[in-house]
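Here is the structure we will look at, set down as structure tokens.
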Amino acid sequence: MTELRLRADLASIPNYVPGKAPAPKPGIEVYKVSSNENPYGPLPSVLKRIVDTAQGVNRYPESASQHLIPALAERHGVPAEEIVLGSGSVETVSQLIRATAGPGDEVVFAWRSFEAYPMLVRAAGATPIEVPLDGEHRHDLDAMVAAVTERTRLILVCNPNNPTGTTIDATALERFLAAVPHDIVVVIDEAYQHFNTREDSPDGVEFFRRHPNVAVAHTFSKAYGLAGLRVGYALAHEPLADSLRKVALPFGVTTPAQHAALASLEAESELQERVDALVAERERVLDTLRGQGWSLPESQGNFVWFPLGEDTAAAAEIFEEQGLMIRPFAGEGFRATIAEQGANDRLIELSAVLVERGLTGGLVGGLVSVHSPE
Ligand SMILES: *Cc1c(COP(=O)(O)O)cnc(C)c1O
């Protein structure tokens with residue numbers, strides 16, 4: 001067999017592990033809580049726009065996006081030139097990486113964080129620099145500053161962080177930006193910003209307005225529930241914004257996706273009710289788990305993180321066996337999306353099973369144990 005002339009560095013690119021889809025199980029309802037998807041289907045007004053615009057899919061999408069970009073610019077109070085669409089904010093992050101970094105360059109981010117970061121950096125030929133989270137599963141911003149070298153081209157800050165749900169605070173971010181050389185682009189990935197209720201957390205757009213080297217990545221996949229349509233965007237100053245347009249996938253955001261995004265902005269208060277309900281469920285779940293004895297990191301996303309370490313695989317097996325498809329990271333922990341109430345109730349029940357079986361990664365104190373007497 002002839003060996004094809006593929007890139008020599010492909011072996012270094014990790015494969016993306018998608019959230020497991022549920023396999024049907026007799027007698028129990030199976031829930032997919034492995035991809036941080038929104039459990040609610042599209043609002044009728046959004047669905048109508050998708051269907052209406054589907055009439056025109058024999059035409060290429062409008063790449064200048066005459067409707068969505070001005071609407072986003074207005075909402076954020078920035079010029080339209082500073083908005084760049086992406087096929088999901090994964091593509092937005094990819095554009096930011098490819099516009100700044102190539103072979104020999106470094107991209108700094110916290111780890112563990114969004115699984116796509118190392119892949120996208122490697123795919124651009126650049127080198128990922130993974131800076132371990134601190135003991136509370138938060139970004140270690142001082143260590144991230146210390147990781148900056150001559151070769152650093154981009155820094156990714158995920159707030160709230162996927163998969164831990166932790167946040168950074170605005171004062172710490174300000175200090176961080178003062179310490180980082182001002183010619184390095186710093187991206188704030190706010191995929192979960194709508195679920196973040198912490199007052200001390202930075203508003204990425206506000207930081208963007210004040211800092212010429214800050215860019216922000218937003219998505220319609222999570223709070224707006226459009227994961228299947230693929231639409232996200234960056235806020236970036238010139239000339240970065242123009243560079244993003246150069247490396248963007250041509251026609252990367254379809255017309256139905258653009259219009260569904262626009263219809264979602266128009267339906268924002270209805271969507272906010274759904275976000276509020278998910279946030280209330282997150283707090284109900286976390287409170288109940290605390291009552292079971294768990295000390296888990298506070299989450300500001302639409303998910304919770306169980307840093308179970310070596311107990312992760314056994315715990316994941318129990319959950320999947322019982323129809324709850326969570327997202328395990330072997331040896332570290334698992335992430336469970338806050339979804340429909342039935343899924344959340346199942347999460348609570350199965351967490352109690354983990355306590356019973358002692359599969360808690362040391363996160364449940366000695367007081368709560370079936371082995372100890374009353
Ligand atoms: C889900 C997610 C995204 C973006 O997802 P898209 O569907 O590509 O918009 C970006 N960043 C983080 C941290 C995410 O978890």
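Counting convention: from 1, in listed order, for ligands and their atoms alike. Along the sequence shown, residues are numbered consecutively beginning with 1.
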Close approach, [X] and ligand 1, non-hydrogen under 4.0 angstrom:
| X | result |
| --- | --- |
| Ala191 | yes |
| Ala227 | no |
| Asn36 | no |

>> Any side-chain to backbone donor/acceptor pair from Arg49 onto Pro256? Under 3.5 Å, distance only.
In response: no
>> Distance under 4.0 Å to a non-hydrogen atom of Cys158: what atoms of ligand 1 satisfy this?
In response: 13 (C)
>> Give the atom numbers and elements of ligand 1 that come within less than 4.0 Å of a heavy atom of Thr219.
In response: 6 (P), 9 (O)
> Parallel under 30°, tilted from 30 to 60°, perpendicular over 60°: which one fits the rings of Phe306 and Phe319?
Replying inline: perpendicular
>> Which label fits His194 and Tyr224: parallel for a plane angle under 30°, tilted from 30 to 60°, or perpendicular past 60°?
In response: perpendicular
> To which protein heavy atom is atom 10 (C) of ligand 1 closest, and what is the distance rounded to 0.1 Å?
Replying inline: Ser89 OG, 3.2 Å
> Which residue holds the protein heavy atom closest to atom 11 (N) of ligand 1, what is that atom called, and what is the gap in Å?
Replying inline: Asp189 OD2, 2.7 Å
> For the residue pair Phe303 and Phe195, is the inter-centroid distance of their aromatic rings smaller than 6.0 Å?
Replying inline: no
>> Looking at Phe207, I'd like to know if the NZ or CZ of Arg210 sits under 6.0 Å from its six-membered ring centre while staying within 45 degrees of the ring's axis.
In response: yes
Could you tell me whether [X] and ligand 1 have an N or O pair separated by under 3.5 Å?
| X | value |
| --- | --- |
| Tyr192 | yes |
| Ser221 | yes |
| Gly88 | no |

>> Please compare Arg335, His218, Arg230 and report which has the shortest non-hydrogen distance to atom 8 (O) of ligand 1.
In response: Arg230
>> Given Glu190, Glu37, Lys222, identify the one with the heavy atom nearest to atom 3 (C) of ligand 1.
In response: Lys222
> When you check the side-chain N and O atoms of Ser65 and Gln258, is any donor under 3.5 Å from an acceptor?
Replying inline: yes
> Take atom CD in Glu321; do more than 12 heavy atoms of anything else shown fall under 6.0 Å from it?
Replying inline: no
> Excluding sequence neighbours, so at least two apart, what forms side chain to side chain contact (heavy atoms under 4.5 Å, CB included) with Pro297?
Replying inline: His137, Thr166, Trp305, Pro307
